[in-house]
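Encoded as structure tokens, the structure appears first; notes follow it.
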Amino acid sequence: MTTRHTVAILGPGGTGGLLAALLSRSGHRVICLAREATADTLRGTGIQVRSGQFGEFTAPVEADTELREPVDACLIAVKHTALDAALTRVPPAALGDALVVPLLNGVEHPAALRARYGRDRVAPAVIRVESTRLAPGVIEHGSPFTEMDLTGDPVPRTRLEDLAAVLSGAGVTTRVLGDETAALWAKMAFLAPFALLTTRYGLPLGEARTRHREELESLVAETAAVSRACGAPADPAQALSRYDAFPPSAKSSMQRDAEAGRPLELDAIGGALLRAADRHGVPVPVTARLVGELRAAGH
């Protein structure tokens with residue numbers, strides 16, 4: 001094993017809980033940061049994981065409502081809608097020299113986190129996994145993969161590679177990418193059309209990509225144009241082929257949130273896309289209409 005690290009997990013839900021359990025199982029010290037009731041449960045029972053990839057296991061973790069000591073890394077695994085409130089659990093003075101690793105949708109959060117924690121300490125990441133919290137400390141991992149892209153232009157490369165080795169050793173296939181903008185926009189360019197279309201029409205991807213094909217193609221083209229204007233490569237044809245390859249029953253996380261009556265990450269995804277388009281003078285009429293219709297619906 002690599003050197004034993006101490007890792008804080010802000011938001012031990014579906015994704016954060018899985019990462020916490022995997023890191024603990026591989027010998028690292030894990031501190032989960034959550035509400036009092038959740039922290040009490042995790043301290044008592046640890047985190048139980050049910051996974052086709054990793055099997056069934058229970059991993060012990062520490063838990064608290066606030067970070068009170070320096071750590072090597074702090075993974076931020078809350079939804080964007082809960083970010084501001086959650087960050088009160090991670091006072092900048094308590095972090096020491098930790099890397100702050102947000103696993104958030106959107107492209108605007110790194111700047112806000114750098115203003116709070118320091119420019120060379122924030123290492124944005126993109127994670128590909130399907131994992132659900134069934135109850136506090138109970139995680140069901142459904143995807144046959146758990147992959148992460150770790151980036152951060154101002155962060156020393158050796159620090160990124162060290163953390164990538166820790167995560168890979170725990171079972172999370174982790175790459176270090178050299179272009180932060182490209183990494184974040186690669187996810188945004190795929191996520192935004194998927195989330196906006198499925199949520200606006202309340203349809204799984206199979207029906208949405210068939211019944212609203214013209215809108216999907218327009219969304220993909222608009223998002224790719226904004227991505228390129230921001231300095232990131234984009235391939236609309238490849239994006240469409242990825243949507244077509246997805247299972248027809250697939251739903252976006254935004255759509256699932258809408259169905260459950262939870263707050264939507266509409267501003268972090270659709271709003272951020274519109275703001276970037278406005279800054280660069282890129283017309284995005286279909287995106288603007290869908291975002292406007294979702295907002296008018298109370299989202």
Side-chain angles (χ1 to χ4, degrees), residues 1-79 86 89-90 94-104 123-150 158-176:
M1 192 188 84
T2 54
T3 305
R4 185 175 190 251
H5 280 55
T6 299
V7 180
I9 306 285
L10 179 62
T15 298
L18 176 65
L19 294 174
L22 290 172
L23 287 163
S24 170
R25 185 174 74 159
S26 67
H28 299 288
R29 182 183 173 215
V30 176
I31 305 170
C32 292
L33 304 172
R35 287 190 283 260
E36 185 70 60
T38 298
D40 283 345
T41 298
L42 297 182
R43 280 192 292 265
T45 65
I47 297 178
Q48 305 166 52
V49 173
R50 307 169 192 169
S51 167
Q53 182 183 11
F54 301 113
E56 295 194 12
F57 67 96
T58 299
V61 295
E62 299 175 38
D64 206 338
T65 57
E66 182 179 312
L67 186 65
R68 305 177 195 278
E69 60 180 283
V71 294
D72 295 299
C74 177
L75 308 186
I76 299 178
V78 297
K79 290 267 190 178
R89 304 189 190 282
V90 187
L95 267 176
D97 191 38
L99 276 187
V100 176
V101 183
L103 306 167
L104 292 164
V126 172
I127 189 164
R128 289 175 291 277
V129 67
E130 182 184 320
S131 188
T132 305
R133 189 187 88 149
L134 302 180
V138 181
I139 306 297
E140 185 172 76
H141 170 223
S143 58
F145 53 81
T146 308
E147 302 169 348
M148 188 184 298
D149 292 337
L150 187 62
T158 53
R159 296 205 67 187
L160 297 175
E161 290 173 347
D162 182 43
L163 181 57
V166 168
L167 291 163
S168 292
V172 183
T173 305
T174 306
R175 304 183 300 173
V176 175

Could you check whether any side-chain heavy atom of [X] comes within less than 4.5 Å of a side-chain heavy atom of [Y], counting everything from C-beta outward?
X	Y	result
Val166	Thr3	no
Pro144	Gln53	no
Arg89	Thr65	yes
Val71	Leu95	yes
Asp162	Thr158	no
Arg133	Thr38	yes

For atom CZ of Arg50, decide whether the heavy atoms of other residues, nucleotides or ligands shown that lie under 6.0 angstrom number more than 12. no
Over all heavy atoms of both residues, which pair between [X] and [Y] is shortest? Give the atoms and the distance, please.
X	Y	result
Ala86	Val78	CB-CG1, 4.0 Å
Ala125	Leu103	CB-CD2, 3.4 Å
Ala59	Ala21	CB-O, 3.5 Å
Ala20	Ile9	CB-CG1, 3.8 Å

Determine, for Arg128 against Asp149, whether the closest basic-nitrogen to carboxylate-oxygen distance falls under 4.0 angstrom. yes
Is it true that Arg43 and Asp40 make a salt bridge, defined as a side-chain N closer than 4.0 Å to a carboxylate O? yes
